[in-house]
A.B. asks: 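One structure, as structure tokens, below. Some questions next.
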Amino acid sequence: MPEILLSSGSPYLDTVMFEPNSQQATSTVATLSHDALYVKPYHAATLVEPRLDNAKPSVWTNVNHDDSLLREILAAYFMHEYHLFPIFQKDYFLEDMAATEPDKPTQFCSALLVNAVLAYGSCCYKRFSNRFRYWEPDTLGYRFLAEAKRLWELDSAGSSNANRRLTSVQAAFIINIVLNLHGLDKIGDIYGRQGRGIAEDIGRASFRENSTLSIQEAAKFTRRLLDYFQALPKALTHKYIVLPAHYLLHLDYYVVLMTICQPFVRDEETEGINFQKIVHDSQRDINILLRLYYIRHGFSHADSWLTNPLAKLVFLSLQMISDNPSPQELGYLQSSLILALKGLREQGRNYYISRTVYYIARNQLRPQDAALLLGTEDPELAADQSPGLVGEVQSAWTPINLDISDNLAAKDLSQLAKEFLTIESNGPATDGLGLDSAVPA
């Protein structure tokens, strides 16, 4: 931990997760009822789920009939991604999967939903090497997604209200997320919007569009966030966070705070909100949280939600390095830069979007900063020198944006990829699946 952070006054220096790395050893851990959580990384655990053991996913997909493999893919999804986007209720989904057949009506499971979930799970199943290569037709991830899109088309083509059901909404949102992770959210959003339309039609949800905030609105919203954070239960407070989901909750909180407050850092305090201090403290705590996450859990296991804070940190570090910091600050910023690049590169083995951000950032390094990467990769990473970036990135996500007042379109991932990357000419032309007809109109 850099000295600048150690002397920063961050509340996260008092977290239980940081204590074992200090002279105080594990005094606090020994008093906790669930102390194993604090001394073992999350990826050391295995999923124990009798409902999954009893399920036969093979009867719900035409892609693969190895139930053992399919259960392992689903287990990887439930371990690493489900808690980030719990679009469906896991227990009901698995119970219906085990108790019913695809040709019989079911409320919580369908072939469409199962194939969409298997496509998502394929992103984080470590036995699949180069699983980020979503465009290769011989991979299971490709085939599950292609099957899900085919079934979506069949569902959409039907005129019966029976086709407009909850599982269709859930599958549409999962396909949306998978395409987002492929760097294709401009296509994925089409599925999301259609899923949203079905949800509204069947009375499951209503949605509002985003709008810009005035300084008064920003102050009120920030106050609500601060109050929400102060009211978190004990297990989710800075002192006791331990699981990846806990860290991601805190990281997301600070990213949102920075995004809201950044436009007003030069304004005076409004309604008791000091925007400049909030942005400063948020940058500090994102830095510390990512370090603590890495100390306990590492970056090699799938965690798609990490990409956003890692991207914010890497581009923030690049920006601050370009401002000619002092030698002490430079060392701190370079350590932050290398840490974020490591996280993006390792997450890039799971998600094409993380891989894309890694190479965009790497191509902006100064020679002296790029030299710091030499010798830092393990043999597997060192051998992976080719970005393998294919086709046009179709993403409106803004990895470098920390300001809601910015022109987002000028900084989205598609524009950054065009500016900083060379795309292979033999890549996919549209959605990476060769299924133009499967993209809903």
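These values consider heavy atoms only, across backbone and side chains, with no hydrogens, waters or symmetry-generated copies.
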A.B. asks: Any side-chain heavy atom of Y254 sitting closer than 4.5 Å to one from V256?
C.D. replies: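 Not in contact.
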A.B. asks: May I ask you to test the S395-L184 pair for a side-chain heavy-atom distance under 4.5 Å?
C.D. replies: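 S395 vs L184: side chains apart.
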A.B. asks: What closest approach, in Å, do L181 and S304 show between heavy atoms, and which atom pair accounts for it?
C.D. replies: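 It is CD2-CB, 3.6 Å.
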A.B. asks: Does H182 have its ring centroid less than 6.0 Å away from the ring centroid of Y352?
C.D. replies: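 Centroid separation for H182 and Y352: 6.0 Å or greater.
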A.B. asks: Does anything in residues 278-290 pair up under salt bridge (Lys or Arg N to Asp or Glu O under 4.0 Å), and if so which pairs, sequence neighbours excluded?
C.D. replies: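 Every pair satisfying salt bridge (Lys or Arg N to Asp or Glu O under 4.0 Å) with a residue in residues 278-290: K277-D281, D281-R284.
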A.B. asks: Give a yes or no answer on whether the side chain of H297 reaches the backbone of V242 with a donor-acceptor pair at less than 3.5 Å.
C.D. replies: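 Judged by distance alone, yes, a pair lies under 3.5 Å.
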A.B. asks: Residues in ring-ring contact (aromatic ring centres under 6.0 Å, His included) with Y120, at least two apart?
C.D. replies: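 In terms of ring-ring contact (aromatic ring centres under 6.0 Å, His included), with neighbours along the sequence ignored, Y120 is linked to Y77.
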A.B. asks: Compare every heavy atom of T270 with every heavy atom of A219, then report the nearest pair and how far apart it is.
C.D. replies: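 Shortest heavy-atom contact: CB-O, 3.7 Å.
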A.B. asks: Salt bridge between D14 and K239, side-chain N to carboxylate O under 4.0 Å?
C.D. replies: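 Salt bridge between D14 and K239, a charged N being under 4.0 Å from a carboxylate O: yes.
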A.B. asks: Distance-only, no hydrogens or angles: does the D323 side chain make a donor-acceptor pair with backbone N or O of P325 under 3.5 Å?
C.D. replies: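 No, because the side chain of D323 does not come within donor-acceptor range (under 3.5 Å) of the backbone of P325.
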A.B. asks: Tell me, do L344 and F299 make a side-chain contact under 4.5 Å, heavy atoms counted?
C.D. replies: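 L344 vs F299: side chains apart.
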A.B. asks: Could you tell me whether the side chains of Y125 and N350 share a donor-acceptor contact shorter than 3.5 Å?
C.D. replies: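 There is no such pair between these side chains.
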A.B. asks: With sequence neighbours left out, write down each residue that passes side chain to side chain donor-acceptor pair (under 3.5 Å) with D67, or none if nothing qualifies.
C.D. replies: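 Testing D67 for side chain to side chain donor-acceptor pair (under 3.5 Å), a comparison that skips the adjacent residues, returns S58.
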A.B. asks: Within the side chain of Q394, is there an N or O that forms a donor-acceptor pair under 3.5 Å with the backbone of G183?
C.D. replies: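 Absent.
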A.B. asks: Quick one: does T398's side chain get under 4.5 Å of L416's, heavy atoms only?
C.D. replies: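 Not touching, per the 4.5 Å side-chain cut-off.
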A.B. asks: State, with a plain yes or no, whether a side-chain heavy atom of I400 is found less than 4.5 Å away from one of I360.
C.D. replies: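 I400 vs I360: side chains apart.
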A.B. asks: Just by distance, do the side chain of T61 and the backbone of V63 share a donor-acceptor pair under 3.5 Å?
C.D. replies: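 Looks like yes, one N/O pair under 3.5 Å.
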A.B. asks: Decide yes or no on side-chain hydrogen bond (donor to acceptor under 3.5 Å, both in side chains) for S326 and E329, but give the supporting numbers first.
C.D. replies: CA-CA 5 Å; S326 68; E329 291 173 330; 3.2 Å; yes
A.B. asks: Please list, chain by chain and in numerical order, all residues satisfying side chain to side chain donor-acceptor pair (under 3.5 Å) with E217, sequence neighbours excluded.
C.D. replies: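 Side chain to side chain donor-acceptor pair (under 3.5 Å) list for E217, sorted by chain: S214.
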A.B. asks: Is any side-chain heavy atom of M79 closer than 4.5 Å to a side-chain heavy atom of H43?
C.D. replies: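 In short, these two side chains do not touch, never coming nearer than 4.5 Å.
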A.B. asks: Do I288 and R291 have side chains that get closer than 4.5 Å, going by heavy atoms?
C.D. replies: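 Answer no - side chains too far apart.
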A.B. asks: I'd like to check the ring-ring contact (aromatic ring centres under 6.0 Å, His included) partners of Y351; sequence neighbours left out, ordered by chain and number.
C.D. replies: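 In terms of ring-ring contact (aromatic ring centres under 6.0 Å, His included), with neighbours along the sequence ignored, Y351 is linked to no residue.
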A.B. asks: Show your reasoning for whether side-chain contact (heavy atoms from CB on, under 4.5 Å) applies to L74 and M97.
C.D. replies: CA-CA 12 Å; L74 290 173; M97 180 187 293; 4.1 Å; yes
A.B. asks: Scan residues 311-347 for pairs that pass ring pair (Phe, Tyr, Trp, His ring centres under 6.0 Å), counting only residues two or more places apart or in two chains.
C.D. replies: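 Output for this query is empty, none listed.
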A.B. asks: Do E136 and T139 have side-chain atoms, one donor and one acceptor, less than 3.5 Å apart?
C.D. replies: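 There is no such pair (donor and acceptor under 3.5 Å, judged by atom type) between the side chains of E136 and T139.
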A.B. asks: Considering all heavy atoms of both residues, which atom of I73 and which atom of L118 are nearest to each other, and what is their separation?
C.D. replies: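 So the two residues come closest at CG2-O, 3.7 Å.
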A.B. asks: Just to verify, what does D369 make a salt bridge (Lys or Arg N to Asp or Glu O under 4.0 Å) with, not counting sequence neighbours?
C.D. replies: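 Salt bridge (Lys or Arg N to Asp or Glu O under 4.0 Å) check on D369 returns R366.
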A.B. asks: For the ring pair (Phe, Tyr, Trp, His ring centres under 6.0 Å) test, which of Y247, F85, Y82 pairs with W305?
C.D. replies: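 The ring pair (Phe, Tyr, Trp, His ring centres under 6.0 Å) with W305 is passed solely by F85 among Y247, F85, Y82.
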A.B. asks: R266: which residues meet the salt bridge (Lys or Arg N to Asp or Glu O under 4.0 Å) condition with it, sequence neighbours left out?
C.D. replies: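 Testing R266 for salt bridge (Lys or Arg N to Asp or Glu O under 4.0 Å), a comparison that skips the adjacent residues, returns none.
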A.B. asks: What is the minimum heavy-atom distance between E271 and R223, and which atoms define it?
C.D. replies: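 For E271 versus R223, the nearest heavy atoms are O-NH2, 4.4 Å.
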A.B. asks: For W60, check ring-ring contact (aromatic ring centres under 6.0 Å, His included) against everything at least two apart and list the hits.
C.D. replies: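 So W60 forms no ring-ring contact (aromatic ring centres under 6.0 Å, His included) with any residue.
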A.B. asks: Salt bridge check, E346 against K342: does any charged N sit closer than 4.0 Å to a carboxylate O?
C.D. replies: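 Counted as a salt bridge, because a side-chain N and a carboxylate O are separated by less than 4.0 Å.
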A.B. asks: Strictly by modelled atom types, are S354 and T307 linked by a side-chain donor-acceptor pair under 3.5 Å?
C.D. replies: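 Per modelled atom types, S354 and T307 side chains form a pair under 3.5 Å.
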A.B. asks: Is a side-chain N or O of N176 found less than 3.5 angstrom from the main chain of Y191, in a donor-acceptor match?
C.D. replies: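 No; zero donor-acceptor contacts below 3.5 Å.
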A.B. asks: Please list, chain by chain and in numerical order, all residues satisfying ring-ring contact (aromatic ring centres under 6.0 Å, His included) with H280, sequence neighbours excluded.
C.D. replies: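 Here no residue qualifies.
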A.B. asks: CG of N287 to CG of L313: how many Å apart, nearest 0.5 Å?
C.D. replies: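 Here the interatomic distance stands at 5.0 Å.
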A.B. asks: Would Q276 and E269 count as a side-chain contact (heavy atoms from CB on, under 4.5 Å) if you check the C-alpha gap in whole Å, the side-chain angles of each, and the deciding distance to 0.1 Å?
C.D. replies: CA-CA 9 Å; Q276 185 178 43; E269 186 174 301; over 6 Å; no
A.B. asks: Do any pairs count as a salt bridge (Lys or Arg N to Asp or Glu O under 4.0 Å) and have a residue in residues 77-94, sequence neighbours left out, and if so which ones?
C.D. replies: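 Of all non-adjacent pairs touching residues 77-94, those that pass salt bridge (Lys or Arg N to Asp or Glu O under 4.0 Å) are E49-K90, R51-D91.
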A.B. asks: Answer yes or no: does atom OH of Y294 have more than 12 heavy-atom neighbours from other residues, nucleotides or ligands under 6.0 Å?
C.D. replies: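 It does not: Y294 OH has 12 such atoms or fewer within range.
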A.B. asks: Ignoring hydrogens, what is the shortest heavy-atom contact between L5 and L13? Give both atom names and the distance.
C.D. replies: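 For L5 versus L13, the nearest heavy atoms are O-CD1, 3.3 Å.
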A.B. asks: Should L113 and V117 count as side-chain neighbours, where that means a heavy-atom distance under 4.5 Å?
C.D. replies: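 In short, these two side chains touch, coming nearer than 4.5 Å.
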A.B. asks: Given 3.5 Å as the limit, does a donor-acceptor pair link the side chain of S336 with the main chain of S317, or not?
C.D. replies: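 Answer holds: no.
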A.B. asks: Under the criterion side-chain contact (heavy atoms from CB on, under 4.5 Å), I'd like the reasoning laid out for I286 against L316: C-alpha separation, chi angles, the key distance, then a yes or no.
C.D. replies: CA-CA 11 Å; I286 287 172; L316 179 64; over 6 Å; no
A.B. asks: As a quick check of understanding, evaluate ring-ring contact (aromatic ring centres under 6.0 Å, His included) for F93 and F108, giving each step before the final call.
C.D. replies: CA-CA 5 Å; F93 169 74; F108 301 110; 9.8 Å; no
A.B. asks: Does atom OH of Y92 have more than 12 heavy-atom neighbours from other groups under 6.0 Å away?
C.D. replies: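 Count not over threshold, so no.
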A.B. asks: For side-chain contact (heavy atoms from CB on, under 4.5 Å), just list the numbers for L257 and V279, CA-CA rounded to whole Å, side-chain angles, deciding distance to a tenth of an Å, and then say yes or no.
C.D. replies: CA-CA 7 Å; L257 275 181; V279 169; over 6 Å; no
A.B. asks: Taking atom CD as the centre, does E268 end up with more than 12 heavy-atom neighbours from other residues, nucleotides or ligands that are less than 6.0 angstrom away?
C.D. replies: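 Open: at most 12 neighbouring heavy atoms sit under 6.0 Å from CD of E268.
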A.B. asks: Which label fits H80 and H301: parallel for a plane angle under 30°, tilted from 30 to 60°, or perpendicular past 60°?
C.D. replies: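 Rings of H80 and H301: parallel, as their planes differ by under 30°.
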A.B. asks: I'd like to know if the side chain of S129 pairs up with that of R349 as donor and acceptor (distance under 3.5 Å, no hydrogens or angles considered).
C.D. replies: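 R349 and S129 do not have a side-chain donor-acceptor pair below 3.5 Å.
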A.B. asks: Got a sec, which pairs hit salt bridge (Lys or Arg N to Asp or Glu O under 4.0 Å) with one end in residues 179-193, sequence neighbours left out?
C.D. replies: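 Passing the test, one end in residues 179-193: no pairs.
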A.B. asks: Within a radius of less than 6.0 Å around CD of Q364, do more than 12 heavy atoms belonging to other residues, nucleotides or ligands occur?
C.D. replies: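 More than 12 heavy atoms, drawn from other residues, nucleotides or ligands, come within 6.0 Å of this atom.
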A.B. asks: What verdict does the ring-ring contact (aromatic ring centres under 6.0 Å, His included) test give for F229 and H250, after you've listed the backbone C-alpha separation in whole Å, the side-chain angles of each residue and the deciding distance to 0.1 Å?
C.D. replies: CA-CA 9 Å; F229 200 67; H250 285 240; 4.9 Å; yes
A.B. asks: Grab the two heavy atoms, one from G188 and one from N180, that are nearest each other, plus how far apart they are.
C.D. replies: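 Answer, listing the atom of G188 first, then N180: CA-OD1, 4.5 Å.
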